[in-house]
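Below, chains carry the letters A, B, ... as their sequence lines are ordered, and counting in each starts from 1. Owing to the predicted nature of the structure, the values given are computational and were not obtained by experimental measurement.
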Amino acid sequence: MAASTDRPVEVYRVHPAVLGVAALASLILQSFLPLKLPLARLMDFPLLVTIYFALVRRNKVFGMGLGTALGLLQDALAHGFIGTYGIAKTLVGYLAASASARFELESILARSVLTGVFVLIHSLCLAGLQHALLEFPPPFQPLDVASTILVNVALGLVIFLILDRFKHPA
Amino acid sequence: MQAFVASHRPFFLLVGVLVAQLLLLSVQITRTNNVRLIRVWAVVLCEPFQRSLRGALNASTQAWRTYRGLWHAEQENQELHLQLVAAQSQVQRLSEQATENQRLRGLLDLRNQASFQTVAAEVMASSPGENSNSIYIDKGSDSGLTADLPVITPQGIVGKILAVFPHTSHVLLISDPSSGVGVLLAESRIQGVLKGGERNLCEVLYVMNEEPVKAGETLVTSGLDQIYPKGLPVGTVAQTSEGNIYKKILVNPAVDLSRLESVLVVLKPSDAQQQALNVPDHR
């Protein structure tokens with residue numbers, strides 16, 4: 001699963017339009033899908049987009065910037081305070097770009113594990129922020145987190161396969 | 001440092017972005033009493049510095065006040081010290097004036113009580129020679145003084161005028177070896193001649209060994225020398241001893257001749273009449 005140090009790390013590029021459409025679609029889906037599908041409340045489309053593009057671009061600044069932008073837009077569309085999703089997704093974007101060099105991203109297992117880990121980090125970061133800043137009671141429910149991870153890992157595998165069609169080596 | 005920052009630029013950028021979003025959150029979030037979280041953080045962050053700054057300012061202010069207080073105290077201390085010196089000087093001057101007043105009052109009483117005319121005089125100087133006991137007074141022939149006039153104080157006789165000048169007179173003290181005063185022992189009524197002796201003492205001559213003379217006996221003028229009026233205090237017998245024919249009698253003068261300041265010069269009757277004519281209010 002881990003990338004060999006002998007093999008050069010492959011970096012992919014995606015057309016900016018694809019990136020824009022994917023980001024916009026993720027925000028729209030995140031806003032409207034839960035109204036029609038209750039299970040969609042567990043999904044986090046902007047998070048999956050952030051993870052995917054951070055992994056394939058392998059650029060920390062890019063991953064961090066994309067996570068910040070999508071997180072803040074998600075905050076703006078939500079009813080909460082602006083910054084909670086922004087912080088969580090900024091961190092995930094940076095960590096995903098940092099981890100991309102160490103793993104073989106074509107592997108489904110690697111993608112699944114990395115997505116699960118980053119979803120977990122995202123959930124913990126959100127819970128921590130809400131508890132520390134908003135003085136919410138500790139919202140960490142292991143079952144809910146596990147459900148969120150499973151749903152998003154499954155959804156991520158699908159989204160990643162779709163987006164793989166638009167990437168090309170840099 | 002720049003190389004380190006450049007090599008870790010994404011990390012520092014991450015920290016900056018996270019901090020910026022935390023600040024953004026803190027602006028929106030309010031705590032109890034509708035206080036925004038950023039204000040809570042700002043207060044928590046700045047409070048130790050404000051407390052330290054306030055403590056430093058208070059300490060500085062207190063130190064400055066203490067310094068100013070000490071400076072004022074020093075100034076006040078100097079002023080009070082000057083006032084104290086001036087007061088001490090004034091007290092000393094007043095004390096001297098009181099002493100002089102007492103002395104002059106004694107002279108005045110003597111003049112009022114005495115049956116003879118006197119002229120008051122101040123002692124100007126003492127004789128410079130070691131073996132001559134004499135003084136100079138500030139009255140001379142202008143005041144009607146002549147040679148051989150007796151000089152006295154309320155305590156007793158001082159001497160006689162040796163020489164007269166227009167404004168001063170030279171007085172030979174009774175402690176001078178060349179002086180001679182006719183004296184009378186007050187109790188035994190024995191007569192003798194007083195001359196100057198050693199160590200500011202005087203000596204009575206020509207008293208026979210068989211005459212009873214006791215130490216402590218008072219001597220007064222006999223008037224036989226034609227200079228001093230009779231009955232003026234001369235001194236007291238300090239010590240007596242047998243001689244070949246005459247007793248050796250040492251006398252303590254009644255007047256402290258080393259501390260003379262004011263004296264009276266006794267005028268002769270004829271001189272007194274002349275003085276009364278020239279200066280009616282001289283007495």
> Tell me if the CD1 atom of A:I108 is crowded by more than 12 foreign heavy atoms within 6.0 Å.
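Counting other residues, nucleotides and ligands, CD1 of A:I108 stays at 12 neighbours or fewer.
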> More than 12 non-hydrogen atoms from neighbouring residues, nucleotides or ligands closer than 6.0 Å to CZ on A:F32, yes or no?
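No, the 6.0 Å shell around CZ holds no more than 12 heavy atoms from other groups.
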> Look at A:L72, A:I82, A:V61, A:D75 and state which one has the largest set of heavy-atom pairs under 4.5 Å with chain B.
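Of the options given, most contacts go to A:I82.
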> Does any heavy atom of chain B fall under 4.5 Å from the side chain of A:T84, the backbone, both, or neither of them?
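Both backbone and side chain.
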> Does atom CD of B:Q92 have more than 12 heavy-atom neighbours from other groups under 6.0 Å away?
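No, because the 6.0 Å sphere around CD of B:Q92 holds 12 heavy atoms or fewer from other groups.
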> Can you tell me if B:F11 has over 12 outside heavy atoms packed within less than 6.0 Å of its CZ?
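Incorrect, the count does not exceed 12.
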> Write down the atom of A:M64, the atom of B:L14, and the distance for their closest heavy-atom approach.
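Answer, listing the atom of A:M64 first, then B:L14: SD-CA, 3.0 Å.
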> Does a sphere of radius 6.0 Å around CZ in B:R103 hold more than 12 heavy atoms from other residues, nucleotides or ligands, not counting ones at 6.0 Å or beyond?
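More than 12 heavy atoms, drawn from other residues, nucleotides or ligands, come within 6.0 Å of this atom.
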> Is B:L22 close to chain A through its backbone or its side chain, or both, or neither, when contacts mean heavy atoms under 4.5 Å?
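Contact with chain A is through both the backbone and side chain of B:L22.
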> Step through the shown structure and confirm whether more than 12 heavy atoms of other residues, nucleotides or ligands are within 6.0 Å of CD on B:Q102.
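Open.
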> Of all of B:L24, B:I29, B:L13, which one pairs up most often with chain A through heavy atoms under 4.5 Å apart?
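Of the options given, most contacts go to B:I29.
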> In terms of heavy-atom proximity below 4.5 Å to chain B, should A:A88 be classed as side chain, backbone, both, or neither?
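For A:A88, no heavy atom lies under 4.5 Å from chain B.
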> What's the spacing between A:F81 CZ and B:L25 CG if we round to 0.5 Å?
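Interatomic distance, A:F81 CZ to B:L25 CG, rounded to 0.5 Å: 8.5 Å.
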> Using 0.5 Å steps for rounding, measure from the CG atom of B:L18 to the OG1 atom of A:T68.
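Rounded to the nearest 0.5 Å, the CG-OG1 separation comes out at 7.5 Å.
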